[in-house]
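Every chain is numbered from 1 and lettered A, B, ... according to where its sequence line falls, protein lines coming before strand lines.
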Protein chains: 2
Amino acid sequence: MADTAGASRSNGVYEWLRVAIVTGEMRPNEHLIEADLAQRLAVSRTPIRESLQRLADGGLIVPRKRGWAVREYTSQEFIENSEVRAGLEGYATRLATMRATDEQIAEISAIHEHRLQIKVVDEKSRVDTNRNFHDAIIAAAQNKRLTDAIYRSGQFYFNVPLARLTTEEEMKAGNADHQRIIDAMIRRDGAVAESAMREHIMRTFAIFQRFNR
Amino acid sequence: MADTAGASRSNGVYEWLRVAIVTGEMRPNEHLIEADLAQRLAVSRTPIRESLQRLADGGLIVPRKRGWAVREYTSQEFIENSEVRAGLEGYATRLATMRATDEQIAEISAIHEHRLQIKVVDEKSRVDTNRNFHDAIIAAAQNKRLTDAIYRSGQFYFNVPLARLTTEEEMKAGNADHQRIIDAMIRRDGAVAESAMREHIMRTFAIFQRFNR
DNA sequence: AGTACCCAATTTGCATGCAAATTGAAAGAC
DNA sequence: GTCTTTCAATTTGCATGCAAATTGGGTACT
């Protein structure tokens with residue numbers, strides 16, 4: 001997120017709205033009225049307007065003839081976004097395989113080994129270790145713009161309970177994917193690491209696609 | 001570009017400023033004063049402010065303690081952005097290779113053949129046919145979000161005379177790259193098409209990197 | 001000459017006001 | 001009962017006003 005500036009009122013409003021949308025507190029298709037939001041957040045319409053425009057640029061809300069509405073994604077758009085994510089993070093994995101120090105690869109491997117111990121029911125650890133694994137790989141690619149683009153694409157998955165509904169088999173399959181990725185990275189095989197990551201991401205999002213309502 | 005809405009005054013201002021920055025009319029590091037811009041464009045500060053915030057989100061300008069400045073890219077950022085572009089457009093080429101109809105591939109091939117006839121000095125045709133070639137491939141990937149992401153990444157190359165300074169050898173090398181790409185697409189070899197496009201893009205941007213001042 | 005300090009000018013952040021666009025619903029026609 | 005038309009209420013787009021933050025430069029002091 002290329003955050004615009006410091007802790008102005010406007011930025012506070014923007015962040016509040018962004019979180020409200022991403023967490024699903026504001027439902028897709030929900031209509032947004034400047035004056036209502038202004039009253040609710042106890043500011044004037046000016047910072048509200050500025051925030052809404054930025055949210056629209058970011059694709060979180062869409063213009064209506066009058067006002068704005070929280071964006072609703074079609075399943076087609078969901079798939080398209082998954083492809084973007086797979087393309088970006090797959091490429092990041094290739095770069096990471098080329099550029100990571102041995103220490104970084106050992107660290108990623110350690111995160112993976114740690115995750116193998118996590119039980120499905122331990123939701124927090126499950127989500128955290130997964131995030132750590134992906135974050136460590138992305139960071140090892142050493143490309144800030146690429147990192148930004150990847151995290152930005154994640155914003156589009158709001159209102160999808162990505163983490164909640166994983167079964168035992170799904171977690172096993174995910175860990176097997178991770179194993180394939182880290183194995184290729186250790187062998188410094190960028191092409192395999194990349195395609196393994198792509199497939200992992202497309203598989204994972206396919207699982208969650210059915211919850212995109 | 002996920003354009004926010006219709007032809008309001010604010011959008012006009014936004015577009016005017018965006019073009020001014022991208023074309024280099026406003027130089028990197030140039031300081032932007034709301035009131036000055038307002039007077040210059042004969043509107044109040046409100047639409048100016050809204051536009052500046054959106055430009056900042058898009059990464060074209062950066063905040064200063066007081067006001068904004070046209071962003072100046074380091075050569076490191078230039079390279080990083082080239083990698084993002086190569087990753088995205090390479091992946092689009094792979095998808096296009098899988099998804100294009102035979103007719104679409106024939107069309108792309110025809111564009112390429114046509115370009116082979118263009119002389120270096122014919123700048124307009126040279127730039128146009130190159131764009132057509134890339135656009136046709138990107139469109140054939142049939143992924144709107146991916147298309148948006150690719151064109152968005154192009155915005156970061158403002159103030160670089162990308163088209164102007166191509167030599168005879170550089171154009172030949174570019175055409176050879178294009179040949180490799182279309183050959184792989186005809187063979188429906190997505191992996192080769194993808195890496196050929198990646199290499200083409202990284203090579204091309206490496207040529208222009210020296211003009212990034 | 002150099003340094004510290006202070007004040008006026010500049011510039012932003014935000015609130016408010018008003019005209020124009022949009023809407024929904026009531027009233028009227030058939 | 002249904003379709004039109006009209007009009008008041010709602011809502012946005014933009015301009016303007018004002019307080020607070022920032023700055024630059026002049027003056028006093030060493």
Chemist: Just how far, in rounded Å, is P of dT12(D) from CG of N11(B)?
Modeler: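 In whole Å, dT12(D) P lies 16 Å from N11(B) CG.
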Chemist: Does D177(A) have any side-chain contact (heavy atoms from CB on, under 4.5 Å) partners at least two apart in sequence or in another chain, and if so, which?
Modeler: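 Result, side-chain contact (heavy atoms from CB on, under 4.5 Å) vs D177(A): R180(A), H200(A), R203(A).
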Chemist: Kindly write out the residues that satisfy salt bridge (Lys or Arg N to Asp or Glu O under 4.0 Å) with K124(B), not counting sequence neighbours, or none if the list is empty.
Modeler: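 Scan of K124(B) (salt bridge (Lys or Arg N to Asp or Glu O under 4.0 Å), adjacent residues dropped) gives D128(B).
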Chemist: Answer yes when E15(B) and R18(B) have at least one side-chain N-carboxylate O distance shorter than 4.0 Å, and no when they do not.
Modeler: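 Yes.
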Chemist: Find the distance E50(A):CD to dT12(C):P and express it as a whole number of Å.
Modeler: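 In whole Å, dT12(C) P and E50(A) CD are 13 Å from each other.
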Chemist: Is it the case that atom CZ in R131(A) sees more than 12 heavy atoms from other parts of the structure closer than 6.0 Å?
Modeler: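 Not more than 12 within 6.0 Å, no.
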Chemist: Any side-chain heavy atom of R145(A) within less than 4.5 Å of one from T147(A)?
Modeler: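 Not in contact.
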Chemist: Looking at DNA chain C, which of residues 33-49 of chain A put a heavy atom within less than 4.0 Å of it?
Modeler: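 The stretch gives V43(A), S44(A), R45(A), T46(A), P47(A) as the residues lying under 4.0 Å from the strand, ordered by number.
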Chemist: Regarding E194(B) and R94(B), does a basic nitrogen lie under 4.0 Å from an acidic carboxylate oxygen?
Modeler: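 Looking at E194(B) and R94(B), the cut-off is met.
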Chemist: The criterion is side-chain contact (heavy atoms from CB on, under 4.5 Å); which residues satisfy it with I79(B), sequence neighbours excluded?
Modeler: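 With neighbours one apart ignored, the set is E83(B), Q209(B).
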Chemist: Reading nucleotides 21-26 of chain D 5' to 3', which nucleotides get B (base under 4.0 Å from a protein heavy atom), which S (sugar-phosphate only), which -?
Modeler: -BS---
Chemist: Taking only distance into account, with no hydrogens and no angle test, what donor-acceptor pairs under 3.5 Å do side-chain atoms of residues 31-40 of chain A form with protein atoms, sequence neighbours excluded?
Modeler:
residue	atom	partner	partner atom	Å
H31(A)	NE2	R66(A)	O	3.1
E34(A)	OE1	R45(A)	NE	2.9
E34(A)	OE1	R45(A)	NH2	3.0
E34(A)	OE2	R49(A)	NH1	2.9

Chemist: What is the distance, to the nearest angstrom, from the CZ atom on R64(A) to the C1' atom on dT10(D)?
Modeler: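 That distance rounds to 18 Å.
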